[in-house]
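The structure under discussion appears below in the form of structure tokens.
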Amino acid sequence: MVPRLGNTQVLIYLLCITAIGVLSRYSWDMSLHYLGPENSGLCACHKCLTESDPWFRELINSSPTPFLSRNYTSSEDDFIWWKHIQNERRNFDSYKTTVDRLFQIFPPIPDVVGPSPDRCRTCAVVGNSGNLKGSHYGPLIDSHDIIIRMNHGRTKGYEADVGNKTTHHVMYPESAINLDNTTHLVLFPFKIDDLLWLLKSFDPGENSANKARRANKDLVMILNPAFMKYVHEMWLGKKGNYPSTGFLTLALSTQMCDEVNVFGFGADRDGNWNHYFEILKNKQLRTGPHAGMHEHEVILKLKEQQKIGVFKGW
Ligand code: C5P
């Protein structure tokens with residue numbers, strides 16, 4: 001039975017509801033104030049990437065999904081852009097069939113922890129620049145949640161400068177190394193053969209007992225060609241043939257983290273992309289097919305605007 005309320009009781013009831021509303025609004029405002037003006041609860045970092053200027057938030061939020069997955073269907077437009085990177089001769093159907101085969105073996109949904117108001121996901125993006133030598137960045141790099149290295153970037157023997165933790169390692173067949181059981185292999189595919197290479201690398205028939213294992217199959221992730229196109233067009237204004245591995249990785253990190261710090265980016269004084277782990281042989285290397293100077297300017301601009309941290313090394 002529902003009790004009948006008198007006028008006074010109704011009035012008291014309404015007053016209580018209003019008071020609760022005002023108080024909870026007040027405590028919400030107070031918590032915002034406490035966390036600082038930029039932090040409106042998208043992440044638990046001091047400052048979240050997507051809370052900066054609208055254009056940068058838009059750049060991050062309008063991005064295509066960064067990784068391929070079983071449910072994702074690539075568009076033919078994206079494929080056409082991608083196939084020109086390395087003169088792919090096969091057609092879109094051939095691409096789609098290969099992608100379908102990938103997700104019969106590798107995780108159908110990429111393992112990415114999403115944003116949350118009670119999480120602060122920090123990323124260290126570690127390029128291979130010679131400026132890491134003598135930097136003593138090791139402990140700082142290792143203090144991040146996600147540490148992404150790339151290509152022939154190694155830690156053994158260089159721990160003081162580059163750290164020794166790697167959660168994600170970006171590679172393509174020509175730059176591949178073997179990984180331990182806990183590191184994600186992130187394939188940056190530039191042609192259908194790269195996808196086929198990945199399949200072959202994990203084919204049990206191909207991997208005899210004495211052949212080193214490439215990586216943990218359950219931690220494989222594959223960059224979406226549409227994301228590469230997006231970075232080329234929207235982040236770099238179509239400069240260069242296509243973005244460098246390092247620049248793509250930086251853009252990728254904004255999809256995985258709330259706070260991003262980059263290490264190991266920057267050419268030597270002759271403008272060559274030298275490496276911290278070897279002596280440069282080709283003095284005419286420059287930055288390959290990439291708009292290295294422009295990429296560097298964009299990175300420095302993001303630093304100036306306090307969107308990312310850039311550690312320039314020595
Ligand atoms: O040379 P590699 O491609 O392995 O280096 C990985 C990435 O690190 C490059 O794609 C580039 O973005 C960055 N890099 C750099 N300066 C260097 C060497 C590499 O900015 N001296």
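All of these numbers come straight from a predicted model, not from anything done at the bench. We count ligands from 1, going down the list as the structure has it; atoms in each ligand are counted the same way.
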- Message: Using a plain distance cutoff, I'd like to know if Phe265 has any nitrogen or oxygen under 3.5 Å from a nitrogen or oxygen of ligand 1.
- Response: no
- Closest non-hydrogen protein atom to atom 5 (O) of ligand 1, residue and atom name please, with distance? Asn128 ND2, 3.5 Å
- Message: Just checking Arg119: does its CZ atom have more than 12 heavy atoms from other residues, nucleotides or ligands closer to it than 6.0 angstrom?
- Response: yes
- For ligand 1, which atoms sit closer than 4.0 Å to a heavy atom of Gly127? 8 (O)
- For ligand 1, is there an N or O atom under 3.5 Å from any N or O atom of Tyr172? no
- Query: So is Glu295 polar-close to ligand 1, meaning N/O to N/O under 3.5 Å?
  - Reply: no
- Message: Tell me which pairs pass salt bridge (Lys or Arg N to Asp or Glu O under 4.0 Å) where either residue lies in residues 247-258, with sequence neighbours left out.
- Response: Arg121-Asp258
- Message: Suppose we measure from atom 9 (C) of ligand 1 to each protein heavy atom; which comes out shortest, and what is that distance?
- Response: Gly246 N, 3.8 Å
- Which is it for Asn151 and ligand 1 at heavy atoms under 4.0 Å: side chain, backbone, both or neither? side chain
- Can you figure out which of His275, His152, Met150 has its heavy atom closest to atom 2 (P) of ligand 1? His275
- Task: Using a strict 4.0 Å threshold on nitrogen-to-oxygen distance, state whether Lys283 and Asp268 make a salt bridge.
- Result: no
- Which of the atoms in ligand 1, numbered in the order shown and given with their element, are less than 4.0 Å from a heavy-atom of Asn274? 17 (C), 18 (C), 21 (N)
- Query: Hey, what do you get for Cys120 versus Cys43: SG atoms under 2.5 Å apart or not?
  - Reply: no
- Query: Mind checking who shares a hydrophobic cluster with Ile147, ILVMFWY linked at side-chain heavy-atom distances under 4.5 Å?
  - Reply: Val126, Leu132, Tyr137, Leu140, Ile141, Tyr158, Val162, Phe263, Tyr276, Phe277, Phe311
- Query: Considering Gly264, Gly130, Gly266, which one's heavy-atom position lies nearest to atom 21 (N) of ligand 1?
  - Reply: Gly266
- Do Glu233 and Lys229 sit within salt-bridge range, that is, some charged N less than 4.0 Å from a carboxylate O? yes
